[in-house]
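Remarks on the structure that follows.
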Amino acid sequence: MRLPFLLTVPRVLRHSAAIGADLPPDEAVSVDAPDPALRAALASAADGDHGPARELLAGTREHTQWELRDGYVSRLAEAALHNPGWLDAWQAEHPEDPDAALTRADLRIHQAWELRTAEGAGQVPPDRFRAFFALLEDAVPVVGRAAGLNPADPVPWRIALTHALGSQAPREVFDGYWSQALARDPHHYGCHTAALKYLSAKWHGSHAEMFDFAERAADTAPPGSKLHALPLFAALEYVVLSPGPDAPYTSRVAAALTRALDLSAAYGPGSQEAAGFRNCLALMLLRAERWEEALDAFRGIGTHATRFPWAYFGDDPRQEFLETRSGTRIQLASLTPFFGRPPQPRTAPAPALVRAPGAPCAVAIAAARPADVAQAALMCGVSLRTAPATDTHTYIEAVAEARPAKRSVLSTEDPLTTAADNFTTGEKWPTLVLRRTPERCGLTLFLKGRPLAAHEWNATSPAPDHSAVTATAEALARAFALADPRPLTHILRSTGNPPRHQSDLLAALALPPLPPGFGDRPDVLDTLPGARVLTRRGLLAGMRSAMTTQDGEHPAPPDAYRPRRPRWWLLRVLGLLLFSAAAVHGWAAPDITPALATAYTLAALSLAAGLTRAWRRRRAHAATATAARK
């Protein structure tokens, strides 16, 4: 049974900040982040240049790096799905290039599945199914040509196995493809995962056949091979994706978890190679209510979230990952006794980075002066850096903190979005939060504490829906007083070069340009003239600053030295003398209750502590001033 609500809430408030504090911050997490070589190839492909992609795949073929080649081909095929010009040019220039043919073969499979969608068979209209099967039929000679141009390559046979899955190929066809894949690489990870999906009960096999295949492959795999995670994928398919009766396979699911935990221990924390099975491992451990081990799995994942399995639970895999990770921390906090010690990490966390390479960078542009933004952001719970953009606009970014506020520890939004939601409340000026990664750029419009519109440019996605883009353009035009939203609509529907489209939108809105270096490094405002840091304040400190800071001034940091007036010292010294005398009398007089005497004592101690702190800060400030004069 769950603990009563009134008992768990104090535990969560006390322990949530400490449990999982070593995890990477939410803004550092990205989904299926490419390595630098692939990132460069994808960026060039988005600009129409196939050269880096051709060099990348040629290197994997020459060095027989089949696993790496498989992942690269799949990502390049996704990039060509809505921007195929660079691949067409590549094949036109090099018609016999096996790497271009392989990418084209995988692209054909991606095109068919995009048309079918990921919906269940009952939700796919018949005309889509007919088109899906027609596209798969047209892909057969393309896949065969890719296999013929490079006979030693197992990757075309992974594509063929995926083709067999969708085309409902009979078992003898699947067996033929599988024997060809084994002949080229008996331990190829991609071919095994494609075959496992074909053999699942949801497709063309059964639970028993799926588990048998996975366990047999894991038993014969070399030490450290990712094939040891195949039983975990079978367990995930059985428990989460197509659940059946628990009894027949409970022991096999438990054995798969044990095997996957052993495999995870063989990889270093934050390993990108292990991220695929570690994300599945975290989910399965949560399903088994093994909370501490699940949090350790998240530590091993680090910043490397993956689309599978989180895409099964929502349209935004990254958000699903972050919310699940946050929920794990809350669950562990609720199970920890109030005066107990939070569970300690069993494994070392991934290297802690404030922002991982390629992680989202964010900056906001507010239609207000820096002092107005600072006044509005006194109690937002995030440290901010502001810098003047123009006489009437301000740049804003979140400042990384070693110890963030407890109220923001479990938030899954980036700190700047959380802060903008807060500091625009009650204000008449709009704020545009802009985000950028190497693959995509986005924006969110805030006005009076509400997100009115959001948009994202992605080089590998199709042009967005016209009606949705029109609504976003109209919201932006109203917020920034533009008469005609049509130019904004054109920019929002553009694809291919997200950074350029983001900059074009700012120009169309008559907003200042993005600060130099945005997207390449964090803290892009620290070198701008007039940059100031608004240090995070607690609730009481924020209220005090709001009442005492004059309009038009940037509030001083909460730890800045403020000289105390003589009246302040006099009142506290008199109070200390009064409460000290009352405490002595209370403990000595028999007619005064111990509770009242205790209250007098605590009041005297509090005044003494405040006076001591103030005296020490005064002496330290005086010493600093003396040293500065010398």
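Along the sequence shown, residues are numbered consecutively beginning with 1.
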Notebook entry, point to check: Going by heavy atoms in the side chains, are R436 and P499 under 4.5 Å from each other?
Noted result: yes
Check: With a cut-off of 6.0 Å (strictly less than), are more than 12 heavy atoms of other residues, nucleotides or ligands near CD of Q65?
Finding: yes
Check: Do the charged groups of D32 and R318 touch, with an N to O distance under 4.0 Å?
Finding: no
Next item on the list: Quick one: sort the W310 and F313 rings into parallel, tilted or perpendicular, breaks at 30° and 60°.
Entry: tilted
Margin query: Given Y198, which partner from the list H163, H204, H192 fulfils the ring-ring contact (aromatic ring centres under 6.0 Å, His included) test?
Written below: H204
Next item on the list: Starting at CG of L261, measure out to CG of L285 and round the result to the nearest 0.5 Å.
Entry: 5.5 Å
Margin query: Are the side chains of L57 and L102 in contact, using a 4.5 Å heavy-atom criterion?
Written below: no
Next item on the list: Step by step, work out the side-chain contact (heavy atoms from CB on, under 4.5 Å) result for L42 and R75.
Entry: CA-CA 8 Å; L42 291 171; R75 292 297 296 271; 4.2 Å; yes
Item checked: Validation row: Q331, L286 side chains within 4.5 angstrom (heavy atoms) -> no
Check: What distance separates D35 CG from Q272 CD, expressed to the nearest 0.5 Å?
Finding: 6.0 Å
Notebook entry, point to check: In terms of ring plane angle, is the pair F298 and F321 parallel, tilted or perpendicular, where the classes change at 30° and 60°?
Noted result: perpendicular
Note to self: When you measure from the side chain of Q502 to the backbone of G442, do you find a donor-acceptor pair of N or O atoms at a distance under 3.5 Å?
What the structure shows: yes
Margin query: Quick one, Y189 and H187 - any side-chain contact, counting heavy atoms below 4.5 Å?
Written below: no
Margin query: How close do L236 and P309 get, counting heavy atoms only, and between which atoms?
Written below: CD2-CB, 4.0 Å
Margin query: Is it the case that the ring center of W178 lies less than 6.0 angstrom away from the ring center of F213?
Written below: yes
Notebook entry, point to check: So, for A194 and T162, which heavy atoms are closest and what is the spacing to 0.1 Å?
Noted result: CB-OG1, 4.0 Å
Note to self: Donor-acceptor pair, distance only, cut-off 3.5 Å: does the side chain of H228 make one with the backbone of S264?
What the structure shows: no
Margin query: Quick one, R158 and D106 - any side-chain contact, counting heavy atoms below 4.5 Å?
Written below: yes
Next item on the list: Please examine the side chains of Y72 and D99, heavy atoms only from C-beta on, and report whether any two atoms are closer than 4.5 Å.
Entry: no
Next item on the list: From the options F308, Y267, F233, select the one residue that forms a ring-ring contact (aromatic ring centres under 6.0 Å, His included) with F277.
Entry: Y267
Checklist line | Rounded distance [0.5 Å steps], OG in S74 versus CD1 in I159 | finding: 8.5 Å
Next item on the list: Run the salt-bridge test on R299 and D22 with the 4.0 Å N-O cut-off and return the result as yes or no.
Entry: yes
Notebook entry, point to check: Can you check whether G176's main-chain N or O pairs, donor with acceptor, with S179's side chain at less than 3.5 Å?
Noted result: yes
Note to self: Please check this pair: side chain of S326 against backbone of L322, looking for a donor-acceptor N/O pair closer than 3.5 Å.
What the structure shows: no
Note to self: I'd like to know if the side chain of R184 and the backbone of Q180 have a donor-acceptor N/O pair within less than 3.5 Å.
What the structure shows: yes
Notebook entry, point to check: Can you name the nearest heavy-atom pair linking G268 to R278, along with the distance?
Noted result: O-NH1, 3.0 Å
Checklist line | E93/R54 ion pair, N-O < 4.0 Å | finding: no
Item checked: T306 side chain reached by V31 side chain, heavy atoms, under 4.5 Å -> no
Note to self: Any carboxylate oxygen within less than 4.0 angstrom of a Lys/Arg side-chain nitrogen, looking at D212 and R252?
What the structure shows: yes
Notebook entry, point to check: Rounded to the nearest 0.5 Å, what separation is found between the CZ atom of R104 and the CG atom of D97?
Noted result: 12.5 Å
Margin query: Under the criterion side-chain contact (heavy atoms from CB on, under 4.5 Å), I'd like the reasoning laid out for T60 against E67: C-alpha separation, chi angles, the key distance, then a yes or no.
Written below: CA-CA 9 Å; T60 63; E67 300 286 1; over 6 Å; no
Margin query: Using the rule given for side-chain contact (heavy atoms from CB on, under 4.5 Å), can you reason through D26 versus R325, listing the C-alpha separation, both sets of side-chain angles and the distance that settles it, and then say yes or no?
Written below: CA-CA 10 Å; D26 290 348; R325 190 177 73 164; 2.5 Å; yes
Checklist line | A101 to L149 - nearest heavy-atom pair and separation | finding: CB-CD1, 3.6 Å
Next item on the list: For R341 and T336, work out which heavy atoms get closest and say how close.
Entry: O-CG2, 3.9 Å
Check: Out of curiosity, R287 CZ to L257 CG, how far, rounded to the nearest 0.5 Å?
Finding: 12.5 Å
Checklist line | Nearest heavy-atom neighbours spanning C191 and P154 | finding: SG-O, 3.6 Å
Note to self: Distance alone, cut at 3.5 Å: any donor-acceptor contact between the side chains of T444 and R435?
What the structure shows: yes
Next item on the list: Rounded to the nearest 0.5 Å, what's the gap from CD on Q168 to CG on L136? Could you check?
Entry: 10.0 Å
Notebook entry, point to check: Does CZ belonging to R307 count more than 12 external heavy atoms closer than 6.0 Å?
Noted result: no
Notebook entry, point to check: In terms of heavy-atom contacts, does CG of D262 have more than 12 from other residues, nucleotides or ligands at under 6.0 Å?
Noted result: yes
Check: Taking NZ, NE, NH1 and NH2 as the nitrogens, is one of them in D219 or R259 under 4.0 Å from a carboxylate oxygen of the other?
Finding: yes
Checklist line | R108 side chain vs L135 backbone, donor-acceptor pair below 3.5 Å | finding: no
Note to self: Please evaluate residues L115 and R128 with respect to the criterion side-chain contact (heavy atoms from CB on, under 4.5 Å), reporting the C-alpha separation (whole Å), side-chain torsions for both, the decisive distance (0.1 Å), and the verdict.
What the structure shows: CA-CA 7 Å; L115 183 64; R128 280 187 176 268; 3.7 Å; yes
Check: When the ring planes of Y177 and W157 are compared, do they come out parallel, tilted or perpendicular, using 30° and 60° as the limits?
Finding: tilted
Notebook entry, point to check: Is there a side-chain contact between D70 and H188, using heavy atoms and a 4.5 Å cut-off?
Noted result: yes
